[in-house]
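Report on one structure; see the data block that follows.
The figures that follow rest on heavy atoms only: side chains count, while hydrogens, waters and symmetry mates do not. Naming convention: chains lettered A, B, ... in sequence-line order (proteins, then strands); numbering from 1 in each chain.
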There are 2 protein chains.
Amino acid sequence: MSRSDGRPERSRPTLEEVAAAAGVSRGTASRVVNGSHRVSDATRASVQEVVHRLGYVPNAAARSLVTRRAESVAFIVAETESRVFHEPFFGRLLRGASQGLAATGLQLVLVMAWTAGERSRVERYVHNGHVDGVLLSSLHGDDPLPERLAASGRPVVQAGRPWTPLRGVDYVDSDNVGGARTATEYLLRQGRRRIATIAGPQDMVPGVDRLTGYRAALRGSRAVPSGLVAQGDFSRESGERAMEELLARNPDVDAVLAASDLMALGALRVLRASGRRVPEDVAVIGYDDSEVARNAEPALTSVCQDMEQMGREMVRLLVGRLEAAPGGAGGQAGGDGAGAPAPSPPLVLPTELVVRASA
Amino acid sequence: MSRSDGRPERSRPTLEEVAAAAGVSRGTASRVVNGSHRVSDATRASVQEVVHRLGYVPNAAARSLVTRRAESVAFIVAETESRVFHEPFFGRLLRGASQGLAATGLQLVLVMAWTAGERSRVERYVHNGHVDGVLLSSLHGDDPLPERLAASGRPVVQAGRPWTPLRGVDYVDSDNVGGARTATEYLLRQGRRRIATIAGPQDMVPGVDRLTGYRAALRGSRAVPSGLVAQGDFSRESGERAMEELLARNPDVDAVLAASDLMALGALRVLRASGRRVPEDVAVIGYDDSEVARNAEPALTSVCQDMEQMGREMVRLLVGRLEAAPGGAGGQAGGDGAGAPAPSPPLVLPTELVVRASA
DNA sequence: GACGGCTATGGGAGCGCTCACACTAGCGGA
DNA sequence: TCCGCTAGTGTGAGCGCTCCCATAGCCGTC
């Protein structure tokens with residue numbers, strides 16, 4: 001044993017070496033390391049002592065090769081770093097996912113993939129078997145990424161409904177239609193009649209759904225329903241532009257529902273610059289209930305979605321799939337046979353209107 | 001071959017199957033997949049065709065088992081999700097790292113580790129061999145994590161200087177002392193004489209270094225050097241509290257250097273509330289040159305550190321280590337022998353004062 | 001006292017890949 | 001003619017682990 005001489009061993013100890021040092025077989029050492037109960041207490045203790053003394057850590061590649069599991073899942077965000085770090089809800093989504101994963105032994109790794117190179121690299125990363133499953137967020141229109149990832153045979157759970165149902169891709173959605181409708185109905189109840197909206201991008205599902213909710217609430221009411229829609233891209237600047245446009249077209253607008261808090265902030269600034277008071281002259285409601293809503297002047301009434309819960313639910317769905325899966329990669333995600341996994345029933349989380357000073 | 005019948009193969013094809021289908025040996029197929037040049041054009045083409053047709057993707061675990069490489073590096077952030085997503089510079093640091101890694105084949109994965117459970121899990125993740133190296137950020141005081149990660153034998157590069165030199169841990173620092181000194185000297189040149197500072201936490205290196213720079217500039221000048229130091233934790237709220245404290249102690253202060261933009265923002269608010277004009281009555285300088293500095297009212301003069309460059313330099317250091325490494329895990333990171341890696345010369349990136357309206 | 005059953009352990013096979021080496025064919029120079 | 005040399009290819013070993021089956025020891029039971 002070269003271990004007993006002065007110099008430290010160059011390479012990490014293997015299970016074989018641990019077993020030899022403890023005077024047992026490789027199989028028994030493996031059982032101890034993996035916590036099997038069919039080992040005598042004495043043996044277990046002596047193996048554990050050796051593991052500790054030698055600093056043994058199992059080799060993930062070797063284990064993964066036979067178990068076909070990586071014991072980790074990826075959270076893939078199809079966005080640029082700067083975008084991710086400016087959208088406040090990512091942090092909460094991620095925290096929810098972390099919480100959901102805490103009980104399992106799974107490691108969560110976050111991967112940003114925006115450029116074509118990053119996308120193909122992360123695709124390879126998943127197909128390679130580096131992770132057992134994928135949580136996915138922030139997808140524009142009909143991004144091919146979710147399906148391509150699902151083609152790896154690994155479960156994929158997306159944050160937010162995809163444009164069209166995708167085989168092999170489950171999702172957790174937020175009730176965007178209901179949230180926008182509730183907010184609009186609240187404005188109506190407050191006596192507002194010329195209610196405008198700053199819609200989100202119409203190539204993103206939340207953008208479309210929130211506009212749908214707004215229109216649904218207005219249908220059949222006495223409010224003026226047309227011409228009061230401007231569009232932004234969820235950013236503050238786009239909110240300013242949209243608000244200017246709305247004021248130019250309809251100076252007598254008395255309420256605005258923005259599809260994001262940041263756009264609402266932009267609207268606030270433009271309204272103030274135009275000499276209007278919020279909420280006296282114009283009521284403003286945002287969407288997301290982010291920190292900026294609380295800190296705005298006046299504090300922003302906003303539609304709250306529990307992003308942490310969404311993260312947790314995504315993990316719950318994913319872990320369910322993982323436990324159901326027979327081995328690792330389940331095959332080409334095709335297979336009309338009995339093995340075809342039934343899609344999980346879509347999960348739609350409720351929203352809540354948080355009333356503050358702005359409406 | 002069951003591949004030729006109707007149903008899709010359940011499991012992914014192996015290199016052996018690819019080789020058989022192409023009529024070559026496993027070794028040759030491997031050479032094609034890995035881009036070796038010692039393969040005839042005809043053979044290469046036929047293997048590539050089979051790879052494409054069968055959708056072959058190499059098994060990362062099997063490859064990693066023999067190469068002792070995972071072809072990926074982790075960016076570990078010892079912070080909570082919410083903290084990470086509020087500090088504006090993380091995004092830029094990460095983007096720099098992404099850029100630096102783009103040319104290599106390495107996948108970047110981000111891991112947040114704050115709770116004890118998360119920390120021990122990520123430690124295991126690194127020791128396991130899931131990644132070839134580690135980029136590390138946001139460490140309070142003398143966190144044991146960097147050293148524990150370095151004990152895996154994998155290279156570790158930290159963002160920012162550690163309290164004390166750590167064996168096996170390289171770092172890239174920003175010239176915090178110089179940045180704070182330059183900003184303070186600028187205030188002196190503008191004729192300010194009662195220059196206060198809102199220092200960062202003194203259990204973090206940047207907090208200490210920026211205070212050092214401030215003091216260095218003031219030493220030997222005619223400005224009043226003492227009693228004008230308050231402390232915050234880099235957050236906006238702490239900036240407000242510190243500014244109130246400063247005003248209470250020294251109502252005649254005519255300039256403030258804050259150790260972060262967010263704290264400067266808090267100071268701005270308190271100064272305005274106290275009836276003081278910025279910059280006429282009190283000049284304010286922030287630190288980080290983040291987006292909020294540009295958007296502040298008045299726009300904030302701030303010390304700019306190029307975080308993207310820092311990310312790129314961290315990757316450069318890490319990749320250098322990776323290429324120097326003989327195999328994968330190099331041993332216990334100890335070893336007084338010839339193999340002990342010399343620490344890289346500390347890299348300290350310059351800072352720049354960006355002058356805007358507030359000072 | 002032989003036997004079934006049950007628990008703790010040993011050992012072989014093999015996961016899918018890379019790498020070092022062996023080997024073949026073809027070519028030019030001695 | 002023979003020998004080396006090189007380009008192209010095949011082959012065996014083995015990375016470190018888990019899983020399965022065989023086996024040894026030990027109990028209770030008829």
*Could you say whether B/V24 or B/L65 is positioned toward the 5' end of DNA chain D, judged by the nucleotide with the nearest heavy atom to each?*
B/V24

*Take the C1' atoms of the five end pairs on each side of the helix from C/dG1-D/dC30 to C/dA30-D/dT1, get both axes, and report the angle to 10 degrees.*
60°

_Between B/E123 and B/R119, does any NZ, NE, NH1 or NH2 come within less than 4.0 Å of an OD or OE carboxylate oxygen?_
no

_Value in whole Å for how far the P atom of D/dC17 lies from CZ of A/R68_ = 18 Å

*asked:* Using 0.5 Å steps for rounding, measure from the CZ atom of A/R316 to the CG atom of A/L347.
replied: 6.5 Å

Polar atom pairs (N or O), protein with nucleotides 20-23 of chain D, under 3.5 Å:
none

*Can you list the residues that meet the salt bridge (Lys or Arg N to Asp or Glu O under 4.0 Å) rule with A/E79, with sequence neighbours excluded?*
none

*Indicate yes or no: at least one non-hydrogen side-chain atom of A/R148 is less than 4.5 angstrom from one of A/V126.*
no

*Would A/R121 and B/Q107 count as having a side-chain donor-acceptor pair, cut-off 3.5 Å?*
no

Taking only nitrogen or oxygen atoms into account, show me every contact under 3.5 Å that the protein makes with nucleotides 6-8 of chain D, one pair per line with its distance.
{"residue": "D/dA7", "atom": "OP2", "partner": "B/R38", "partner atom": "NH2", "Å": "2.9"}

*A/E16: what forms a salt bridge (Lys or Arg N to Asp or Glu O under 4.0 Å) with it, not counting sequence neighbours?*
A/R26

*Whole-Å distance separating the CD atom of A/E71 from the P atom of D/dT18*: 11 Å

*Sorted by number, the residues of residues 56-63 of chain B with heavy-atom contact under 4.0 Å to DNA chain C*: B/Y56, B/P58, B/N59, B/A62, B/R63

*Got a sec, which residues hit side chain to side chain contact (heavy atoms under 4.5 Å, CB included) with B/P162, two or more places apart in sequence or on another chain?*
B/Q158, B/L166, B/Y171

*Would you list the pairs meeting ring-ring contact (aromatic ring centres under 6.0 Å, His included) in which at least one residue belongs to residues 109-138 of chain B, sequence neighbours left out?*
B/Y125-B/H130

*Not counting sequence neighbours, which residues clear side chain to side chain contact (heavy atoms under 4.5 Å, CB included) with A/N34? List them please.*
A/S30, A/R63

*Check whether any side-chain heavy atom of A/L15 lies under 4.5 Å from a side-chain heavy atom of A/Y56, and answer yes or no.*
yes

*A/D170 versus A/P155: any side-chain heavy-atom pair under 4.5 Å?*
no

*Reference residue B/V169; test side-chain contact (heavy atoms from CB on, under 4.5 Å); the match among B/V134, B/V156, B/V157, B/L149*: B/V156

*Which nucleotide span of DNA chain C, 5' end to 3' end, has atoms closer than 4.0 Å to non-hydrogen atoms of chain A?*
C/dT7 to C/dG16

_Regarding A/R154 and A/D132, does a basic nitrogen lie under 4.0 Å from an acidic carboxylate oxygen?_
no

_Just to verify, what does A/A22 make a side chain to side chain contact (heavy atoms under 4.5 Å, CB included) with, not counting sequence neighbours?_
A/V24, A/S46, A/V47, A/V50

*Distance, rounded to the nearest Å, where B/E16 contributes CD and D/dA13 contributes C1'*: 14 Å

*Which residues pass the side chain to side chain contact (heavy atoms under 4.5 Å, CB included) test with A/R44, sequence neighbours left out?*
A/V32, A/V39, A/D41, A/Q48

